[in-house]
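Here the structure comes first, spelled out in structure tokens, and everything after it is commentary.
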Amino acid sequence: MRIMKRNKYLLLLAIFGFLSNGLFAKEVEIPTVKENGEAEIPENVSLWLKEELSKSTTTVLENFESPAFFTNKTAKVIGYIKNYDKERGAKTVMFRYKNELTREDKPLVLKIHEDGRFEMELPLDFPMRHWFTIHRKRIPFYLEPGQSLSVILDWDTLNMGAEFSVPTHVSYQGGLEEINTKLNYFTPKFDYNTIRWKIINMSPDVFKKEQLTLQQEHLNKIEAYRLSGAIDTKTSILLKDEIIVHATVNIMDYFGKRRSHQLTGVSKEKIEIPIPEDYYDFIKDLALEKQSFLVDRSFGTLVNRLEFSPPLRDIKGAGFSYTYTLDSNELVAFFLERKEVLTKEEVQLIEAVAKMNGKVSKELSESYTNFLMAHEFEIQEYHAIGYRKKYVSHELKMWNKKDTVVENLGFKDDLMYEIIKLRTLNFMSESLESDQFCAYWEELKKDIKSPYLLKVGNAYVLDKESKKESMELPEKEPGTKLFKELIQPYQGKIIVVQFWSPSSFYKDSSLKKFLARKKKYDDNKKVAFLYVADDMYANNNRYIKMCHDYGFKNNVTLSSDDYNYMRQLFQFNKSLLFVLIGENGELLDPDFAFHNIEPQFHKRFNISPEK
């Protein structure tokens, strides 16, 4: 391994903030690997690191825009923590990865061995910049498919500094050592408090102009670093992308954040100002066909701001409405397909109505009305089917309108727009029946040219198609045994497990609806609720009060390490997740939609809510 000589570099601190040029620099020293770890790494660990690094299966990528950018290979992060003491803190490494193309959470938990070693395998399809978390500190890394990277840390520095800050002593080894070292030391720092102040106090045109001016100044500075030899071309591209992404997000957030930061004494007229017609014209200059944007750790934020930007969101006719009407012919056909939920008399009633072509006679009117009232949840399902059919048609028509808008914004044929379309599969898979979901994808993919995105979309749809009614918890997962122990006291009941954080929970009307739904099943002897949180909240007054006020009786707190295993087991990064467990302990739904508890419980278990 090459030992880096001591060099002085200017650390770029790109602050879109108070300073007149938004930038200042100071001299810092990049520590040598020897200073930061090699001499203190035990020989057996050093040999292990070298052996693992030799297992890289690809060459380092030369160009982000080459066809080799999309390469499906497992990459590996291996690490060592000097002076590690398992009794003083974390026993796991948490990587809260999210696939931004499919919007799926893919968290990984890695055990830290007693000697301080850890390792993580990542099935990558393209390069990524991200971080993993140890002891509430963020460890940044850049990784490519097929490559192995070692990360050397110091336990003492992991216990210093603010939560989720980057520790001072981080060094890297492997083919990606240099780019990781440079990215770590040249990564811009952004002053979000200043941005918030400017959003409130600047007009949109002035704010946008300043952001674009500062962006160009910082891009020029990064280019100067490249020309001086301080950083290579690949590093400069990623740093430039980070500047562009943050400036773009700042500009796109302007109107939304003005509304969210309504301050006392600030008039509504000052907060809610009209959007200038040319406000979003800067998008034409973003080069959204670049593959390198996918590497940036804020890529998900960028694509989110584009897909929900006013030009795409506020298209005429974008809002969808559905009139809930009962077509007797359709309703009769619906129930004739579901005779198993009907009594013999109800079947005879429906068949009689069918013979009258859906026209209900006076003699049958009262019986038919009572029938509809008795089958409230089936009627909801009937409406849901009609809603979904029209919704799919509406959304496909809206893409035609969006195509025109995006063409005017200059990125209709770019990779970014195809990604925006692909990302809708996540929502549609949860909203549509299987045949409708497949039909939606078949239409949508006609406009997607990227072979890689087509591959991702086809795999996603196939995966959703193969989803079973009940699933087995993987026995080899560390969290499986623990989860089974958690639900054991409630065996024989239908269990709703709520993983939650008191710092981010329902509020206002959403809270009232949640509590009202829960109350309908609180006293049902066939149903049990289990509430699981990280034990960092165990002595928190807010947590204790919420449990009392909301009627959370079956409370469990887990160590942060064990809660991490729950995140990995059920694949969630969000602060609130519901899991549905059957009477025999089987996993019925790893991401249960609690807002649909009434029709779901009626359909699955024939359990009706208490009035």
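For the residue pair Gln216 and Asn220, a side-chain donor N or O sits within less than 3.5 Å of a side-chain acceptor on the partner. Under 3.5 Å, the side chains of Gln211 and Asn250 contain a donor-acceptor pair of N or O atoms. Defined by atom type and a distance below 3.5 Å, a donor-acceptor pair is missing between the side-chain atoms of Ser66 and Asn63. There is a side-chain donor-acceptor pair under 3.5 Å between Tyr452 and Asp125.
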Checklist entry - Can you list the steps and then say if Lys198 with Glu210 is a salt bridge (Lys or Arg N to Asp or Glu O under 4.0 Å)? => result CA-CA 10 Å; Lys198 290 187 175 185; Glu210 185 199 53; 2.8 Å; yes
Item to check | Trace of the side-chain contact (heavy atoms from CB on, under 4.5 Å) decision for Phe141 with Met128 | outcome: CA-CA 8 Å; Phe141 68 91; Met128 66 156 21; 3.9 Å; yes
Item to check | Gln568 and Glu477: CA distance, side-chain angles, deciding distance, side-chain hydrogen bond (donor to acceptor under 3.5 Å, both in side chains) verdict | outcome: CA-CA 8 Å; Gln568 177 173 271; Glu477 277 286 334; 2.8 Å; yes
Next on the checklist: Please evaluate residues His169 and Lys82 with respect to the criterion side-chain contact (heavy atoms from CB on, under 4.5 Å), reporting the C-alpha separation (whole Å), side-chain torsions for both, the decisive distance (0.1 Å), and the verdict.
Outcome noted: CA-CA 10 Å; His169 288 76; Lys82 296 181 298 175; 5.7 Å; no
Next on the checklist: Using ring-ring contact (aromatic ring centres under 6.0 Å, His included), reason through Phe594 and Phe578 one step at a time and then give a plain yes or no.
Outcome noted: CA-CA 7 Å; Phe594 191 84; Phe578 296 96; 4.8 Å; yes
Next on the checklist: Determine whether Ile244 and Leu286 satisfy the following criterion, side-chain contact (heavy atoms from CB on, under 4.5 Å), listing intermediate values before the conclusion.
Outcome noted: CA-CA 8 Å; Ile244 293 169; Leu286 287 179; 3.9 Å; yes
Item to check | Residues Phe95, Asn564; criterion side-chain contact (heavy atoms from CB on, under 4.5 Å); working and verdict | outcome: CA-CA 9 Å; Phe95 178 46; Asn564 285 344; over 6 Å; no
Checklist entry - So Phe514 and Phe505, ring-ring contact (aromatic ring centres under 6.0 Å, His included) or not? Walk me through it. => result CA-CA 11 Å; Phe514 163 75; Phe505 195 63; 5.6 Å; yes
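Thr557 places no side-chain N or O within donor-acceptor distance of the main-chain N or O of Ala538, the cut-off being under 3.5 Å. Distance alone, capped at 3.5 Å, places no donor-acceptor pair between the Gln147 side chain and the Ser56 backbone. Panel note: side chain Asp463, backbone Ala459; no donor-acceptor pair is recorded below 3.5 Å. Between the side chain of Thr187 and the backbone N or O of Leu183 there is at least one donor-acceptor pair closer than 3.5 Å. Without hydrogens or angle criteria, Ser504 side chain to Ser501 main chain gives no donor-acceptor distance under 3.5 Å. Checking side-chain atoms of Asp561 against main-chain N and O of Thr92 turns up a donor-acceptor pair under 3.5 Å. Side-chain atoms of Asp562 never come within 3.5 Å of backbone atoms of Leu558 as a donor-acceptor pair (strictly under, hydrogens ignored). A side-chain donor-acceptor contact under 3.5 Å links Glu65 to the backbone of Ser292. A donor-acceptor pair under 3.5 Å is absent between the side-chain atoms of Gln215 and the main chain of Ala247, judged by distance alone. Within the 3.5 Å criterion, the main-chain N or O of Lys209 finds a donor-acceptor partner in the side chain of Thr213.
Contact of the Leu122 side chain with the Thr74 side chain is not registered, since no non-hydrogen atoms from C-beta on lie closer than 4.5 Å. Residues Pro145 and Pro127 form a side-chain contact, since some pair of their non-hydrogen atoms from C-beta on lies under 4.5 Å apart. Using a 4.5 Å cut-off on side-chain heavy atoms (C-beta onward), Asp154 and Ile81 make no contact. Tyr172 is listed as a side-chain neighbour of Pro140, based on a closest heavy-atom distance under 4.5 Å. Residues Val497 and Leu486 fail the side-chain proximity criterion, which asks for heavy atoms closer than 4.5 Å.
Leu302 CG to Glu307 CD: the interatomic distance, rounded to the nearest 0.5 Å, is 10.0 Å. Distance OH/Tyr506 to CH2/Trp500: 12.0 Å, rounded to 0.5 Å. A distance of 9.0 Å separates CD1 in Ile78 from NZ in Lys55, rounded to the nearest 0.5 Å. With values rounded to the nearest 0.5 angstrom, Glu114 atom CD is found 10.0 Å from Lys91 atom NZ. How far CE of Met536 is from OG of Ser559: 12.5 Å, rounded to the nearest 0.5 Å. A distance of 15.0 Å separates CZ in Phe69 from CD in Glu62, rounded to the nearest 0.5 Å.
Within the structure, salt bridge (charged side-chain N to carboxylate O under 4.0 Å, His left out) pairs that include any residue of residues 225-240 comprise Glu144-Lys234, Glu223-Arg226, Glu223-Lys240 (at least two apart or interchain). The salt bridge (charged side-chain N to carboxylate O under 4.0 Å, His left out) analysis of residues 529-548, with sequence neighbours excluded, yields the pairs Lys545-Asp549.
Among all heavy-atom pairs drawn from Val151 and Phe132, the shortest one is CG1-CZ, 4.3 Å. The two atoms that bring Phe293 and Ala287 nearest to each other are CE1-O, 3.4 Å, heavy atoms only. Across every non-hydrogen atom of Ser46 and Ile41, the tightest pair is N-CG2, 3.7 Å. The shortest heavy-atom contact between Leu577 and Phe572 is CD2-CD2, 3.4 Å. When all heavy atoms of Leu49 and Ser150 are compared, the closest pair comes out as CD2-CB, 4.0 Å. Shortest non-hydrogen contact noted between Lys574 and Arg567 is O-NH1, 3.4 Å.
Aromatic ring orientation, His130 versus Tyr97: perpendicular (interplanar angle above 60°, classes split at 30° and 60°). Using cut-offs of 30° and 60° on the angle between ring planes, the pair His246 and Tyr192 is tilted.
Geometric assessment of Arg297 against the ring of Trp131 yields a negative cation-pi assignment under the 6.0 Å and 45° thresholds. Seen from the ring of Tyr225, Lys221 counts as a face-on cation partner, given the 6.0 Å and 45° thresholds.
Take Arg96 and apply the salt bridge (Lys or Arg N to Asp or Glu O under 4.0 Å) test, not counting sequence neighbours, and it matches no residue. Partners of Tyr531 under the ring-ring contact (aromatic ring centres under 6.0 Å, His included) rule, at least two apart in sequence or in another chain, are Phe552. Glu100 is linked by a side-chain hydrogen bond (donor to acceptor under 3.5 Å, both in side chains) to Arg423, counting only residues two or more places apart in sequence or in another chain.
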Donor-acceptor list for residues 478-485 side chains, cut-off 3.5 Å, not counting sequence neighbours:
from   : atom 1 : to     : atom 2 : distance (Å)
Thr480 : OG1    : Pro474 : O      : 2.5
Lys484 : NZ     : Glu475 : OE2    : 2.9

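Between Glu178 and Lys182, at least one side-chain N (NZ, or NE/NH1/NH2) sits under 4.0 Å from a carboxylate O, which counts as a salt bridge. With salt bridges taken as basic N to acidic carboxylate O contacts below 4.0 Å, one links Glu52 and Lys76.
Atom CG of Asn539 sits in a sparse spot, with 12 or fewer heavy atoms from other residues, nucleotides or ligands closer than 6.0 Å.
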